[in-house]
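A short write-up of the structure that comes next.
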There are 4 protein chains.
Amino acid sequence: MSPASNHGTAAPAPPARGRPRSEAAERAILDGAMKLLEDGVPLAELSIERIARTAGVGKATIYRRWSGKEELFVDVIRAAEPEDPELPGTGLRDDLVVLLESLRQRGVASRSSALLHNVHAQMKSSPKLWAAYQANVIAPRRRLGLEVLRRGQLNGELRADVDLELANDLFVGPMLVRAVMRPESDLPEGLSEEIVDTVLAGLRPVSPP
Amino acid sequence: MSPASNHGTAAPAPPARGRPRSEAAERAILDGAMKLLEDGVPLAELSIERIARTAGVGKATIYRRWSGKEELFVDVIRAAEPEDPELPGTGLRDDLVVLLESLRQRGVASRSSALLHNVHAQMKSSPKLWAAYQANVIAPRRRLGLEVLRRGQLNGELRADVDLELANDLFVGPMLVRAVMRPESDLPEGLSEEIVDTVLAGLRPVSPP
Amino acid sequence: MSPASNHGTAAPAPPARGRPRSEAAERAILDGAMKLLEDGVPLAELSIERIARTAGVGKATIYRRWSGKEELFVDVIRAAEPEDPELPGTGLRDDLVVLLESLRQRGVASRSSALLHNVHAQMKSSPKLWAAYQANVIAPRRRLGLEVLRRGQLNGELRADVDLELANDLFVGPMLVRAVMRPESDLPEGLSEEIVDTVLAGLRPVSPP
Amino acid sequence: MSPASNHGTAAPAPPARGRPRSEAAERAILDGAMKLLEDGVPLAELSIERIARTAGVGKATIYRRWSGKEELFVDVIRAAEPEDPELPGTGLRDDLVVLLESLRQRGVASRSSALLHNVHAQMKSSPKLWAAYQANVIAPRRRLGLEVLRRGQLNGELRADVDLELANDLFVGPMLVRAVMRPESDLPEGLSEEIVDTVLAGLRPVSPP
DNA sequence: CCTTAATCGAGACGGTACGTCATGTCTTCAG
DNA sequence: CTGAAGACATGACGTACCGTCTCGATTAAGG
């Protein structure tokens, strides 16, 4: 993230001289950007100039907080992201289902919410924006998944010889492909359970003839 | 498609007066755009102006053929797609490995990888582009995969109770997720075999008899 | 003058490719700037942005011709400057009177014309603008004066031992001081003749007692 | 003068509560502005922001004392003016030479020269500034010159039929033109004498008897 | 001694203009 | 009629100042 922004990093708070930054302005900026996206403005047309006008704010007030369009969008996205799911902890299968269900919900939401729709659409056009999204949103979820799998392996609920990174992709990949890369596919209820159970069981027939 | 472009539509060839359009210019434009993408230029910075400069061509020469960045991009994709892989037909596992290996190769090659990334990037914001990619690239591969799985199910190499669409995502998803959504992950040799074998076998520990 | 501008310099005319610059746009810019000055807008508030709006022209169209505010103003000023006076050539005194009369007229005009008033006012705030004005307006007049004095010296109408540069300042200085540096002083008809005759005759009493 | 400033107006001193204004800050501001002018910064680039930075002072501290750049500048001028020259009183020629020498010195000194230039620059656009300079600097010198000339006329050192105002301009004009309007010209030693002697003697050739 | 109040440096605030760049359209000359 | 070249109006970019404001910290004089 840019040095102009300390959103998310717990800075040790320097002596704080001069007039403090207005929280109202900050909210106005994020809300304004959000509103424009919800009104269907494509991300490509979301200029800093326009956000400033909408928020009733000077451009410098934006640049003081974010070093560019991309850095701002990271925070807009973060504000729109759902919380990390809470794991039940009642076993590998249950935890995996909850994780995948969270992904599925986001996929469902991004079809109804113009905001998520728009944001996810253009995100990969910018390496910087994509990298920030990776670090701030994707990576934590990924760590959560790996942690669940590690516990499952220790408990004997998962084969000991399998690579955890690969295993994570095996569960998450099918859902992401449907949710993010194939927007025309539906995401029916029960899909999470189906994926988890099928991957755990494997696709080979049970009784070899 | 725009009326300015007759790529793909078999126009009945109007009388054709005056100087004919230069095929050299057309190739220069497509190659120039491709080169920029390969060089890592983010799609957002790929201006018509820049493509024209790179190709040594007037801007009007581009607008005469395509009505905008999107339409041009559809043709760039068409020109850069690799052939469908040939299946060995020696069994479910081998066919799946060949299919995934084809995906992996594409992710490894910088040319296809850049395309893949950028197509995914623009996908949702450009229905036209997405539809073209869908029809020309995704759909044939998908049909191929489903066909392989259907044969495997008939042969008893695949569980009979599994949904083929789901099964396809189970194999393809992990590879695509690595190739497209996590570009920092490597795609080592042997990954295709590993995915296929693990998905077929499942992740549950072998029950100790 | 800026390389972006060839106003006044007789360029050898390169092959001239691409669309030629619009004379209409050029006139609109100069007229727009002139109009704003005449309407009493101070030079300091005469932004390029505002001129472009007034002239109905893009900013780039201005920057294509002039490299900045100052270069543009040089041409605006030139357009408002009176022509070089025509010398009668009937003798030193007559020529000098005509030269000074031209200065006087300009001084009178700059009190009635808001344009000249404004332009001359702020000109010296900018070294570049002032230098350009020196080179394009002042210097030619100065050369004219020196030429007149040189001829007078050859004809025996002027003392042979006097430095021509100094002599020029002796005639021009008093008028410029009144016209430009002391705006509250009046510039009555007959002043030119009075200055020329007095400087020629000297201030010492005729018959020393 | 602005109500924000009480420089020069003998205010009846209100009860004066709170922290008194810092004289150190005031000096720092005036010195900073002076320093920037001496360093050749064009008046147009002399922003309040920059003066505050140079002086190590908050912007508000400046605006508390002066209502704008103009008002500040009036005080800068007052602080930088040299003393009136002392006249020898040994005759018209000597007094005139001393007066002109004082002007020449001012043009040579970078400090006064920078001021002179910039005052002239802003003169017409700022009636307030001009009036202040007029009253504080020009008028006394002018009165001095006229007084010298009046005495010379009474003594018979100057033609009786010449207008004193005109005579004053005849001596002062050439020097001011060189110092203010043609800064590239040098002001060599001996120039004052040369001007005085030449104007007194006139430029007409001595009539060959 | 302890308020009270105006000052200080610092810097954020909503604005306006800067000079550059890309947009898609147009207008020229050359083939 | 097409080629390239490039001018056109438009509008966003990120920076610099504008003049105002709001902070915590000084610095007197008056209670």
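In the text below, chain A, chain B and the rest are named by the order of the sequence lines, each starting its count at 1.
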| query | C/R64 side chain to C/R21 main-chain N or O, any donor-acceptor pair under 3.5 Å? | reply | no
| request: Scan residues 47-60 of chain C for pairs that pass salt bridge (charged side-chain N to carboxylate O under 4.0 Å, His left out), counting only residues two or more places apart or in two chains. | output: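 For residues 47-60 of chain C: C/E49-C/K59.
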At under 4.0 Å, does any side-chain N or O of [X] touch on OP1 or OP2 of [N]?
{"X": "C/R21", "N": "F/dA5", "result": "no"}
{"X": "A/T61", "N": "E/dA12", "result": "no"}
{"X": "A/S22", "N": "E/dA12", "result": "no"}

| message | Tell me every residue that passes side-chain contact (heavy atoms from CB on, under 4.5 Å) with A/A25, counting only those two or more places apart in sequence or in another chain. | response | A/S22, A/V57, A/T61, A/R65
Integer-rounded Å distance: [N] [atom2] and [X] [atom1]:
{"X": "B/I29", "N": "F/dT2", "atom1": "CD1", "atom2": "P", "value": "14 Å"}
{"X": "D/R65", "N": "E/dT7", "atom1": "CZ", "atom2": "C1'", "value": "9 Å"}
{"X": "B/E23", "N": "F/dT2", "atom1": "CD", "atom2": "P", "value": "15 Å"}
{"X": "C/E26", "N": "F/dC8", "atom1": "CD", "atom2": "C1'", "value": "14 Å"}
{"X": "A/I62", "N": "E/dG15", "atom1": "CD1", "atom2": "C1'", "value": "13 Å"}

| task | Return the 5'-most residue of the pair D/A55, A/V57 with respect to DNA chain E, ranking by each residue's nearest nucleotide. | result |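 It is D/A55 whose nearest nucleotide is closer to the 5' end.
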| field | Distance (rounded to the nearest 0.5 Å) between A/I62 CD1 and A/K69 NZ | value |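 That separation rounds to 11.5 Å.
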| Tell me, do D/Y63 and D/I48 make a side-chain contact under 4.5 Å, heavy atoms counted? |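 Heavy-atom side-chain distance check passes, below 4.5 Å.
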| message | Within the 4.5 Å heavy-atom criterion, are D/L37 and D/F73 side-chain neighbours or not? | response |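 D/L37 vs D/F73: side chains touch.
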| note | Counting primed atoms, P, OP1 and OP2 as sugar-phosphate and everything else as base, the B/S/- map of nucleotides 17-22 of chain F against protein heavy atoms under 4.0 Å is BBBBBB
